[in-house]
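Here's the structure we're looking at; comments come further down.
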Amino acid sequence: MAPAIRHRRRIAAWYAKFAAFKVEDLFSRKKEPGPQRTIFINEDLPDTYYDAHRKVKREHTYATNQVITSKYTLITFVPRNLLEQFRRVANIFFLGIAILQFFPKFSTISPGLVILPLLIVLGITAIKDGYEDIKRHQSDRRVNHSLLRVLRGGDFVNPNAMQRKSKTFVRGVMMPKYGRKAKKIKITNPHGEELSGVTTQPHIPTEQIEYDDAIEEHGAFPSILPHEQGIHPHSDHNRPHWKMTAWEDLAVGDFVKILDNESIPADILICASSEDENVAFVETKNLDGETNLKSRNAVPALTHLRTTTQCASPHNSFHVECDRPDVNMYKLHAAVRVGKEMFPVDMQNILLRGMVLRNTGWVIGMVCYTGEDTRIVMNSGGTPSKRSKVERQMNPQVFINLLILALMAIACGVVDSVLEHRYYPRAAPWLYGANTSGDNPSINGLVTFAFALITFQNIVPISLYISIEFVKTCQAAFIYFDFQMVHNGQAALARSWNLSDDLGQIEYVFSDKTGTLTQNHMVFRKCSIGGKMYNGEDKEGMEEEVEEEETSSISKKPTATMSGDKSPPPAYTASGRFERRDKGYLDTDIPLDELRSSGSTPKVRHRFRDAELSNDLLSSVYADPNSEGAAHARQLNGFFTVLALCHTVLTNLNPVTGQLEYKAQSPDEAALVQAAADMGYVFKGREREVLYLQTPFHNVGGVSSRYELLNILEFTSARKRMSVVLRKLDSDDGRLFLLTKGADNVIFERLKEGANEDLKATTEKHLDEFASQGLRTLTLAYRVVSEDEYQPWSERYHEATVARDDRDAKIDAVADELERDLRLLGATAIEDRLQDGVPEAIADLKHAGIKVWVATGDKLETAIAIGHSTNLIGQDSNIIVIRGNRSGRAVYEQILHAIQEFFPDSGILDDEGNPTDTPMPDMLENRRSSAPLKMKERQDLSGDVGGGPLRRTETGVSSIVGSNNGDRPGGFVLVIDGSALEVALADDDHKSLLLRLAIVCEGVICCRVSPLQKALVVKLVKDGIGAMTLAIGDGANDVSMIQAADVGVGISGEEGLQAVNSSDYAIAQFRFLKRLLLVHGHWSYARNVTMILNFFYKNIVCIGVLWWFQIYCAWSSTYVLEYTYLLFWNSFWTIAPVIGIGLFDRFADDHVLMAVPDLYWYGREGKWFGMRQFTVYMMDGVIQSAIIYFLILYTYVTTSARTDGWQVALYEFSTVMVFSAVFAANFFNGLNTSAWTGWVFFAVFIGDVLLWVYTAVYNAISPSWFVTPVWGNNHFLFESAFYWLSLPLTICLALLPRYLYKSCKFAFFPDDVDILRYIYKKDPHRDLTQDPLVRGRGSFNALKRRRPTSMVSETQTESIASLPRPSMDLRSASRTDMSTGTRSFHRGFDFSTEENGVAMHRMQSHLSERRLSSRNLATVPESGLHRKGTISHVLSVPRNFLRKKGSNAKDLGQ
């Protein structure tokens, strides 16, 4: 047995290798990353870069910036497409049969007609594939021909060698020409002394040239408008200038100039920018999905390169030493060498391709990496050639049919040879002369074998593939014309037409977050102040305001093109005047004093409104200072003061709208500051360290509050809080305040002990409620700092900031000293607005048994918050966090420990805690039958494996532990970050263990992942367990994931069309994914597999009739049917019903499939297509062919059918077999159709009508026209009683088994589809969305069937989304950090901002400079200010707060 088993395994391995063959591997150039590179600027290449022919060596020649995503070229189209099509085993067979019939001995009809069907199939498929690729070519052309400003003219010549561009339609054929002739640099000093060789410049069209004006020579920003740029027809082209150049012509070493809101075309080193300290702000959502702006800064040694003259000057020579191209998007090691000095370069100095410049007038940079060497392109793969799962499943079935065909041909050949050997000695007359080398019993057996292959070739019908292509094309059109999937005029588009049935078999959905699930902006929804919750206006009432936000000033997209030297400029400059440098507007000259007065308060667009909060603020105006209302008034004032001052937001005044614009790197900060402004606390800007705040209580007095910014204790993921130390300048005592915002647990543990515990408990309850609604929460607090405490602390803080060793830890420790004894103010709740219908869509996808994984570049807290708001993490879910860090447990131990703690009976680990060798399918089966363990059982089983049992670990941040942590009924959700994934995907042991943990969880969230890691996660599931995967995203960072999945879906959102161009299907919003899968996927899968099975069946009926005749014709492979009937069998007689099934059949209507997503189970589990169904249909065909053949044969031959008594002719009774077989096949197809429409009636009967008409005409053709073997058959056929008796008898007997089976199944063993069809037959208007029969899981098998969820969640029958909210304990899902052992309840904390960004560094440096300048000066109170020894313990309102008259009501209400 062992050798036989090994042989079978070798065959299976060979077939798996054949099935996994990828055609694209033959045509794609797998370019290995080049070596480390040195880029030379304004200096010649060294001699070592040249070979003996003075050509630059290949290793020093860089990839072109041309990026091509198309699959074909004019040269490669034919061979590659043919190879892709001949992956179908059937096509190889058809080609062999066609070639065989080109030999005269085996020819049946014209060889050209024989091969014509194959050519039609190949041609139609090639046209479809070519059309799809033309769209990719057009997309590539749009990207590669985008224009940007590149330095040209003067003495500048880029010496760095580049590969030649590939011509768009012949790429892959032209080999790159390495070693182009080196260009000499023309370096001449102002006195004309030549320093190096000479060169010439080509003619440049004037209309694409921009010259720097005189202002630029002094460091200002040049004009970019055509009428202001000095573009003159007779300008000197040898002057340095910016030339508009196509992206694909960009070269390594080129200087480029990028303006605000322009995309970055390559990986570029920043030389200078329009901002202070040469900072540039970029949007990176195309790379990592994050919406908050990131800051980048120029290399200090290159900041003088601000003009074309300076960039082109031969005296500004340097070279850049770079790493080899790498996929890591967060790490770069490079250096700039200027003379003998070296200056370090890291990712903070680089703009990556795919980023977008925001809020920055311009950036001048030098190109380091181009095209295939850029980070984003290296993270995306080549365009794959995808095949549907049904097509892959068809190959084994085709193999079986080919095996049957081979056995039939062998049987005919062997038996024919044996019979000839037996009868030739007996002088059989039909063997006369069969004694030659080409005609004898032995050789005739081989000839009969070949003839049998031709006779029975229809067992693998070529028309099946034509029909499939036609049907899938129509299904793509159905998707496009589905008006329920149209948004803003954008319809769903099928870009790959051959994957429609895959939509009905998806098991895992991998989704991006930003732009896919969310709308890329934050909305302030609710808040809790002083223990009182303010819910804001309902969403419906705010829709108009929220829509206006897209065009408001707070958006990262400026309202006007900013091209000033500083962009965005602060609202107030050091000179006390507001400056605006937008082109097209005059500079606005507004006195600072006027802006500070109430009479010229800038208008701020209102978004957050709450009538109760407004009334409370109004009531506070009239409250008595000693009343209870005064205490709440102080809480209100303190709360909004923290919101308005604890941030790093910049301000700008729009002279057109008169509105104050907030420019924030974090969308959270922008929403918080805007909410404060909505309630009257308007942050008006900063002058270095002085902050200006306009409050509702200053409107009458006309004076804004001034605060001196002393320290910023910045936000980090470890601290989870941000604080500022301020001195109030306009108060009598100049009090110091510490204002803090951060995570609830971080703030709560730093509150003053015993102070207002009731407020803390109430705020906790409000936070739980916010978190249960999926809102992002922040907790606000403050304290008053005495001067005596602050001065020594400030000294310690300064020492920590300048420490050389362990600086960050020392800064955190000193900051923690001051952030104590805080007083709680309240909490905020921000909504990261989801796309319409996202929670409902995810909930229904989970009902359908589809697992949803989220892969995002956002940080962990953001990913978890979105998981809650999208229903991916349920109210009672348990979160397992796997982190990659150096201080905690190793990643492998974290995974191992999570399995042992929560899934000990899953079969993943043995009794000793080691991973088992159980195959993945067996392990999946075991986990379905395993029961969840209670918390106590898990604690008893936890042992010292993989780092010991879970326990609380002191991490500097405590957590709130619940009694039932880890035992909640919502199942488990795994959250893993990119660092852990990098380790887990590094080797097979890690990957296997991670996959086993992931598949027993309800869902998985991958955060901080790179585009390549997204693709690797998809491949982990796709290849690890063979599941059908779908990836959906909307940005360039999702391309690799979309291409790696079985089905890729692109969303045409805000992040461009990169994802759409690489996708198989394009939709406008995520919610349409539900209809795409549950309706179109279900229909396409059911239609296609039913059509394929019926196709195999109807051909077996025909082949069966031919086969049974071999018993009576000495196994000579002779046709029993007249050949034209056989020729038109798949063309006219039986083609329409199967195509009708593929186009119009539906097991359930669309509204039923949307209301009952559990029906998707049939496609997901592949219940309608497989070897079992294939075998049943094949046996049906065999049985029916036997009934048809033998009943008609013995009816006609036992007693003559003719009235004259003569023996019947062959075609006389075989034509009856044709009629019976065609009618039975068509009616059988109709019997298998669920929805009988007018088109289905037409399809079923059109073939029968055509057969009757054809037979009557064909039999009547006179030999004077052309000779036919059936002339006159009408006289014997239609006048025979046997004909009219045989048809109904054989048809009914043939269909009887299938009819009885379907009737019995429907009556006694109905499935869910049968029940729903019966319900809608009896009650067409029944609403299943509210039907207790469905929602109660009463009678439907699919609804009672366990879905592939985690072990715990399998014990419940309802989806997490459908569970009612708990009335008492509003705490959200529990969370276990496997890295530290910390358990906590998630209360929705999330805050996005750039950590250690350049903007923060700039503010910190200003503060440091002020501290340094004042260290040797005595602390002298500001003129007019008097320090008081006793400081109030509350953040009080202004003294005139409680004395305002009724006139304030009008101002506050505005």
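Hydrogens, waters and symmetry mates play no part in the numbers below; they use all other heavy atoms, side chains included.
- Under the 4.5 Å side-chain criterion, counting only non-hydrogen atoms from C-beta, Ser388 is in contact with Leu499.
- Annotation: the span from Thr516 atom OG1 to Ile1032 atom CD1 amounts to 6.0 Å, rounded to 0.5 Å.
- Between Phe77 and Ala126, the shortest heavy-atom distance links the atoms CZ-O, 3.3 Å.
- Considering only heavy atoms from C-beta on, Gln1184 comes within 4.5 Å of Tyr1097 through its side chain.
- Around OH of Tyr1123, the count of heavy atoms belonging to other residues, nucleotides or ligands within 6.0 Å exceeds 12.
- For Arg1071, the salt bridge (charged side-chain N to carboxylate O under 4.0 Å, His left out) test picks out no residue, with sequence neighbours left out.
- The two residues Tyr1065 and Ser496 make their nearest non-hydrogen contact at OH-O, 3.6 Å.
- Listed by chain and number, the residues in a side chain to side chain donor-acceptor pair (under 3.5 Å) with Glu391 are Arg88 (sequence neighbours excluded).
- Applying the side chain to side chain contact (heavy atoms under 4.5 Å, CB included) test between Ile459 and each of Ile1100, Ile400, Leu453, Asn1099 identifies Ile1100 as the sole match.
- Between the side chain of Arg1146 and the backbone N or O of Ala1235 there is no donor-acceptor pair closer than 3.5 Å.
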### Task
Show your working on side chain to side chain contact (heavy atoms under 4.5 Å, CB included) between Phe510 and Val1021 and close with a plain yes or no.
CA-CA 10 Å; Phe510 298 85; Val1021 176; 3.7 Å; yes
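- With sequence neighbours excluded, no residue forms a salt bridge (charged side-chain N to carboxylate O under 4.0 Å, His left out) with Asp1023.
- Aromatic ring orientation, Phe1223 versus Phe1219: tilted (interplanar angle from 30° to 60°).
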### Task
Apply the test side chain to side chain contact (heavy atoms under 4.5 Å, CB included) to residues Leu1106 and Leu1126: give CA-CA distance (whole Å), side-chain angles for both, the deciding distance (0.1 Å), then the verdict.
CA-CA 10 Å; Leu1106 297 178; Leu1126 189 63; 3.9 Å; yes
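- Residues Ala1045 and Thr1029 approach most closely at CA-OG1, 3.5 Å, considering heavy atoms.
- Side-chain contact of Tyr465 with Thr125: a donor-acceptor pair under 3.5 Å is absent, judged by distance alone.
- Each of Leu1073, Asp1064, Leu1076 was scored for a side chain to side chain contact (heavy atoms under 4.5 Å, CB included) with Leu503, with one residue passing: Leu1076.
- Under the 4.5 Å side-chain criterion, counting only non-hydrogen atoms from C-beta, Leu95 is not in contact with Asn91.
- Counting heavy atoms from C-beta on, the side chains of Asp1248 and Phe1227 come closer than 4.5 Å.
- The number of heavy-atom neighbours closer than 6.0 Å to OH of Tyr1119, taken from other residues, nucleotides and ligands shown, is above 12.
- Residues that satisfy the salt bridge (charged side-chain N to carboxylate O under 4.0 Å, His left out) test with Asp482, not counting sequence neighbours, are Arg1075.
- Side chains of Gln505 and Asp1046: no donor on one and acceptor on the other come within 3.5 Å.
- The side chain to side chain donor-acceptor pair (under 3.5 Å) search around Glu507 returns none, not counting sequence neighbours.
- Looking at Gln397 and Phe1169, their side chains come closer than 4.5 Å, going by heavy atoms from C-beta outward.
- Using bins of under 30°, 30° to 60° and over 60° for the plane-to-plane angle, the ring pair Phe1241/Phe1245 lands in the parallel bin.
- Here the side chain of Arg495 pairs no donor or acceptor atom with the backbone of Ala1066 at under 3.5 angstrom.
- Electrostatic pairing of Asp501 and Arg1087 does not count as a salt bridge here, judged by no charged N lying under 4.0 Å from a carboxylate O.
- When only modelled atom types and interatomic distance are considered, Asn1130 and Lys1098 share a side-chain donor-acceptor pair under 3.5 Å.
- Here the side chain of Asn498 pairs a donor or acceptor atom with the backbone of Lys386 at under 3.5 angstrom.
- In terms of heavy-atom proximity, Trp1236 sits nearest to Val1244 at CH2-CG2, 3.8 Å.
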### Derivation of the side chain to side chain contact (heavy atoms under 4.5 Å, CB included) call for Ile1051 and Val1060
CA-CA 6 Å; Ile1051 293 181; Val1060 171; 5.9 Å; no
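- For Tyr1177 against Leu1093, the heavy-atom pair with the smallest separation is CD2-O, 3.7 Å.
- Distance alone, capped at 3.5 Å, is enough to place a donor-acceptor pair between the Thr1134 side chain and the Trp1129 backbone.
- Contact annotation: the side chain of Asp1150 approaches that of Gln484 to within less than 4.5 Å [non-hydrogen atoms, C-beta and beyond].
- With hydrogens and angles disregarded, no donor-acceptor distance shorter than 3.5 Å links the side chain of Asp1145 to the backbone of Thr1233.
- When atom types are taken as modelled, the side chain of Asn1094 and the backbone of Thr1090 share a donor-acceptor pair closer than 3.5 angstrom.
- Judged by distance alone, the side chain of Gln490 and the main-chain N or O of Gln1069 form no donor-acceptor pair under 3.5 Å.
- Side-chain contact between Trp1168 and Phe1147 is present, with at least one heavy-atom pair separated by less than 4.5 Å.
- Here the shortest heavy-atom pairing between Thr455 and Ser1117 reads OG1-O, 3.0 Å.
- A heavy-atom distance below 4.5 Å is not found between the side chains of Val1222 and Tyr1125.
- The closest donor-acceptor contact from the side chain of Asn1088 to the backbone of Asp502 lies at 3.5 Å or more, if one exists at all.
- Between the side chains of Tyr1258 and Glu1122, at least one donor N or O sits under 3.5 Å from an acceptor N or O.
- Under the salt bridge (charged side-chain N to carboxylate O under 4.0 Å, His left out) criterion, Asp1180 pairs with Arg1298, not counting sequence neighbours.
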